[in-house]
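Structure, as structure tokens:
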Amino acid sequence: MKLSISTSQDAIKDVSGSSYIREENVYDVKILFVSVKTTTNGAKTVDFNLEYKGNSQVIYGPTIINKNGQPNDIGMSLINKLGVIAGLTDGQELNIDTETHKVGKDQKNQEFDVITDFSGLDVKIRVQREYTRYNGQIRRALHIRNVFREDGASAAEISNGAEIGKQMQLEIEKYTSGPSYKDGVTAEEAAAWEQSQRA
């Protein structure tokens with residue numbers, strides 16, 4: 001499998017307490033590794049193994065290649081932005097190697113296809129909780145909505161030489177006030193579900 005970076009404006013455009021990442025905010029993290037996984041239907045997704053305040057955490061990422069083999073615009077946008085932040089150039093292919101990492105509570109060795117260009121990168125990520133309904137059950141997921149360089153620069157700001165941090169501030173003001181709800185899930189249902197999970 002080969003993946004390459006696009007620095008076109010469409011590919012990297014901006015969309016206007018705990019020691020674990022749990023809710024909407026912008027977080028300073030170190031990317032331990034980003035792994036590519038093939039789903040049962042043949043699509044490819046990326047998972048982010050991160051370090052935040054000394055703790056490692058996985059955020060399951062978006063689809064980057066659809067099951068028909070075509071790039072997924074939303075997922076590849078995130079990869080392209082990371083590529084710009086990592087200093088990669090237009091058309092540069094990502095390095096993907098098989099690596100073994102200790103993961104999970106039991107720290108078992110597991111093999112991953114890792115995009116090595118992103119390993120060890122310090123970045124800021126903006127995350128959002130999303131509540132959905134599947135087979136009548138409520139589910140919660142944490143999604144990485146955007147990535148920024150350590151100084152708060154977005155990929156578009158790096159590429160354009162624009163004012164650094166403006167996009168991040170806009171997103172903090174606009175998107176960190178609460179989770180998103182899909183499939184008819186209400187805020188009240190999500191709150192009740194969270195309460196049941198704690199119980």
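Treat the numbers as computed from the prediction; the structure is a model and nothing was measured.
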- Message: T132 vs K182, test: side chain to side chain donor-acceptor pair (under 3.5 Å). Steps then yes/no.
- Response: CA-CA 5 Å; T132 57; K182 289 188 174 177; over 6 Å; no

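- Residues F118 and M76 are members of one and the same hydrophobic cluster, defined by side-chain heavy-atom contacts under 4.5 angstrom among Ile, Leu, Val, Met, Phe, Trp and Tyr.
- A salt bridge is defined here as a Lys NZ or Arg NE, NH1 or NH2 lying under 4.0 Å from an Asp or Glu carboxylate O, and E150 with K124 fails to meet this definition.
- No donor-acceptor pair closer than 3.5 Å links the side chain of N160 to the backbone N or O of A162.
- Across all their heavy atoms, D117 and N95 have their closest contact at OD2-N, 2.7 Å.
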- Item | side-chain contact (heavy atoms from CB on, under 4.5 Å) between I164 and R149, worked out | CA-CA 10 Å; I164 289 175; R149 199 168 59 188; 3.5 Å; yes

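- Checked by atom type, the side-chain pair T176/N25 shows no donor-acceptor distance below 3.5 Å.
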- Test Q167 against F148 for side-chain contact (heavy atoms from CB on, under 4.5 Å), laying out the working first. CA-CA 9 Å; Q167 179 64 29; F148 304 93; 4.2 Å; yes

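- A 4.5 Å side-chain heavy-atom check between T45 and I64 finds every atom pair outside the cut-off.
- Electrostatic pairing of K37 and D113 does not count as a salt bridge here, judged by no charged N lying under 4.0 Å from a carboxylate O.
- For the pair N72 (side chain) and G75 (backbone), a donor-acceptor distance under 3.5 Å is present.
- Taking the six-membered ring for Trp and the full ring otherwise, the centers of F33 and F112 sit less than 6.0 Å from each other.
- Proximity of R129 to E24: side-chain heavy atoms (C-beta onward) are separated by under 4.5 Å at one or more points.
- The neighbour count for Q107 CD, taken as heavy atoms of other residues, nucleotides or ligands under 6.0 Å away, is above 12.
- Counting only residues at least two apart or in different chains, salt bridge (charged side-chain N to carboxylate O under 4.0 Å, His left out) contacts with residues 183-199 comprise R133-E189, R140-E194.
- In this structure, the separation between OG on S159 and CD1 on I85 is 11.5 Å, given to the nearest 0.5 Å.
- With hydrogens and angles ignored, the 3.5 Å screen pairs a side-chain donor or acceptor of N68 with a backbone N or O of Q70.
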- Task: Just do the side-chain contact (heavy atoms from CB on, under 4.5 Å) check on I21 and L142 with the steps written out, would you?
- Result: CA-CA 9 Å; I21 298 168; L142 201 57; 3.7 Å; yes

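- Using a 4.5 Å heavy-atom threshold, the side chains of N49 and I31 count as separate.
- Hydrophobic clustering (side-chain heavy atoms under 4.5 Å, transitive across Ile, Leu, Val, Met, Phe, Trp, Tyr) groups I96 together with F48.
- If you take NZ on K67 and NZ on K44, they are separated by 15.0 Å, rounding to the nearest 0.5 Å.
- Remark: E130 engages R145 in a salt bridge, criterion side-chain N to carboxylate O under 4.0 Å.
- Under the side chain to side chain contact (heavy atoms under 4.5 Å, CB included) criterion, E111 pairs with T98, T100, sequence neighbours left out.
- Tracing side-chain contacts under 4.5 Å through hydrophobic residues (I, L, V, M, F, W, Y), one reaches V127 starting from Y52; they form part of the same cluster.
- Remark: the backbone N or O of G165 is paired with a side-chain donor or acceptor of E157 at under 3.5 angstrom.
- Both L82 and V29 belong to a single network of hydrophobic side chains, linked directly or stepwise wherever heavy atoms of I, L, V, M, F, W or Y lie under 4.5 Å apart.
- Checked by atom type and distance alone, the side chain of T38 never pairs as donor or acceptor with a backbone atom of G42 at under 3.5 Å.
- For the atom pair L94 CG and L88 CG, the distance stands at 6.5 Å (nearest 0.5 Å).
- The two atoms that bring N66 and P71 nearest to each other are ND2-O, 3.7 Å, heavy atoms only.
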- Message: Before you tell me yes or no, could you show the steps for T116 and E99 under side-chain contact (heavy atoms from CB on, under 4.5 Å), namely the whole-Å CA-CA distance, both residues' side-chain angles and the distance that decides it to 0.1 Å?
- Response: CA-CA 9 Å; T116 58; E99 294 182 355; 3.3 Å; yes

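- Here the CG-OG distance, from N146 to S154, works out to 7.0 Å after rounding to the nearest 0.5 Å.
- Residues K81 and V147 come closest through the heavy atom pair CB-CG2, 3.7 Å.
- To the nearest 0.5 Å, atoms OG (S19) and CD (Q57) are separated by 9.0 Å.
- Contact check for V114 versus H101: side-chain heavy atoms found under the 4.5 Å cut-off.
- S35 OG to Y60 OH: the interatomic distance, rounded to the nearest 0.5 Å, is 9.0 Å.
- Using cut-offs of 30° and 60° on the angle between ring planes, the pair W193 and Y131 is perpendicular.
- No continuous path of hydrophobic side-chain contacts links V34 to V103 [ILVMFWY only; heavy atoms under 4.5 Å].
- Contact of the S56 side chain with the L50 side chain is not registered, since no non-hydrogen atoms from C-beta on lie closer than 4.5 Å.
- For the pair V26 and I125, the minimum side-chain heavy-atom distance is 4.5 Å or more.
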